Amino acid sequence: MLSVMKREWRSYFYTATGYVFIAIFWLLGAAFFFLYNILAASADLTDLFGNLSYLFMLIVPLLTMRLFSEEHRQRTDQLYISSPTPLTAVVAGKFLAAMGVVAVSLLGAGLYVLILALRVSMSWGAVAAHYLAFLLLGGSYVAAGLLVSALTDSQITAAVLTLAVNMLLQLAEMSSASLVTPWLPFLPALLKCIALNSRYAQIASGVIYPTDIGYFLLFISVMLCAAVLVLDRRRHRRR
Amino acid sequence: MLKLDQISKKYHHHTALKDLSFTVERGQIMGLLGLNGAGKSTAMNVIAGYLAPTSGSISWDGTDVRRLGPDYLCEVGYLPETPPLHPELTVKECMEYVCGLKRIRPGKRRQHIQQLCEMTGVADRMNSPARSLSKGYRQRVGLAQALIGNPGLIVLDEPTAGLDPEQIVSIRELIRELGREHAVILSSHILSEVEDVCSALIILRRGETVASGTLAQIAAQVRHKDRRVRIRAGEGAEEALGGLPGVTQIIPLPPRELGWQELMVCAENDLAEMIPRYLLEAGIPLRMLHPMDVELEDLFMKLMQEGA
């Protein structure tokens, strides 16, 4: 797992992907910080992190689109499939490498928090809650993107599908109220249940229930396990 | 020892490989031959664990590889048709990555990588990114990757493709060297290479085995249908030999000596002893008779034509 993670991490920074991702995150993060905290003279981080989470949803395909699709296309997947390293370790290594880039992005965003801390007294518990919520939401988006990448040989297809899946996850809660039909009475409740947003908001606000954290961890695990199954299935179908 | 037993691979309605069976022992080099689409690469992918067979079984040293799992994959070194290199990584990093996948201890990696890079002739490019390498270098780095962990079974899909003549000679020598201790399976489009390097052959046509064994054994399977003798005889030999029973074709060749005919006599059986007697009786002088060795190229073409 370590060698896969190391290689993937190197690839992010040997190509422009890692730098572009972090640069977009930090620059737009700085703009949100200026708008919601400096101009509004507010120490509340909810808007800053809320907008960063939307931004993250839009740019996460940059991180995940090539994770497997490029390996399929270049046939470099032959290396790990015909090696004794289990596919679970390969998937975990790639997930952790992508999460490493997310973590670096989030650490950089800590600068905005530090700037605020210089002028006002911060509630560090609230800051930690925002970070925890963001990491869990980010992990879910990355895991979904990784699964999509395992399904295709095209980076572009992977990117578009990842964006679509993440948007569906975002919209699930919003659309739950308007999707009341007599044929599917359970649909609104189901959409509300799978939605990530309300759980994110709950954790970010400092109200941390194990069920919310558990849901994120379960979501990530299911996505990663599905990716392992997809990769194993390809051994049987590949030409 | 690697043993394939009735291995088949199907994709929907297309059969890429049908009932492939053979064994390769340590110290043996097995060549896979066939036209494009014959199933060579599919067979190699299946042996290397990249593809799952639809049916049949593979065993390594007597144990089914499904039971061996990762332990079998530790024993396999695979160079696919296109060397799997990550273009953004340097040669050294590519090698380190494969060392990690193959569970080589970190303390042993540096020396092992250095040794393999020297063996395959890429030590001078260890810090170059893979994307900057020529086809020949990429091929050799792929070979070095396949040798990581000193695997018992080495699977090489066209290992000399893209190499210059000097490199081809050195890589063939390296394969011969590897074949002394390891079980080696290689495919190649260069028939002379297979003939030169391999101790046994499998000839595939549309996924099926059409011939297998050593070159002599394959020749024996095909030989009775086509034996050739080159002769240099006096005028009238072509007409005279046309009446000899068993002769299927007489091909006139450019004369080498003035007044003598140069002929290639193709026959269904061995005529090397009968031709002098027959010509003597016809009063035609015979200056030279040379039974032709069976060339792999001839056998290959014959087997391919039979299936066409």
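Proteins come first, then strands; the chains are lettered A, B, ... in the order of their sequence lines, and each starts at number 1. Keep in mind that this is a model prediction, so the values were computed, not measured.
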A:Phe34, CZ: over 12 other non-hydrogen atoms inside 6.0 angstrom: no

Largest heavy-atom contact set with chain B, pairs under 4.5 Å, which of A:Leu79, A:Thr15, A:Val4: A:Leu79

A:Ser69 side chain to A:Gln155 side chain, donor-acceptor N/O pair below 3.5 angstrom: no

Region of A:Gln78 in contact with chain B, defined by heavy-atom distances below 4.5 Å: both

Close aromatic pair by centroid cut-off 6.0 Å: A:Phe49 and A:Tyr131: yes

Contact winner vs chain A - B:Pro70, B:Ala52, B:Gly100, heavy-atom pairs under 4.5 Å: B:Ala52

Nearest atoms (heavy-atom pairs only) where A:Ser140 meets A:Phe216: OG-CD2, 3.2 Å

Choice from A:Glu71, A:Met1, A:Glu70 maximising heavy atom contacts with chain B below 4.5 Å: A:Glu71

Plane angle bin for A:Tyr200 and A:Phe134 - parallel if under 30°, tilted between 30 and 60°, otherwise perpendicular: perpendicular

Heavy-atom neighbours of B:Lys135 NZ exceed 12 at 6.0 Å: yes

Expected output: side-chain B:Glu93 to main-chain B:Pro129 donor-acceptor under 3.5 Å: no

Exam field: side chain A:Ser149 to backbone A:Phe68, donor-acceptor pair closer than 3.5 Å: yes

Sidechain-backbone polar pair: A:Thr152 side chain, A:Ala158 backbone, donor-acceptor under 3.5 Å: no

Residue pair B:His112 / B:Asn150, side-chain donor-acceptor N/O under 3.5 Å: no

Toward chain B: residues of residues 83-104 of chain A with heavy atoms under 4.5 Å: A:Ser83, A:Pro84, A:Thr85, A:Pro86

Contacts with chain A made by residues 75-82 of chain B (heavy-atom distance under 4.5 Å), listed by residue number: B:Tyr78, B:Pro80, B:Thr82

A:Phe25 and A:Phe21 aromatic ring geometry - parallel, tilted or perpendicular at 30°/60° bounds: parallel

Residues B:Glu118 and B:Gln114: side-chain donor-acceptor under 3.5 angstrom: yes

Options B:Cys94, B:Gly69, B:Ser41, B:Pro87, ranked by heavy-atom pairs under 4.5 Å with chain A, top entry: B:Pro87

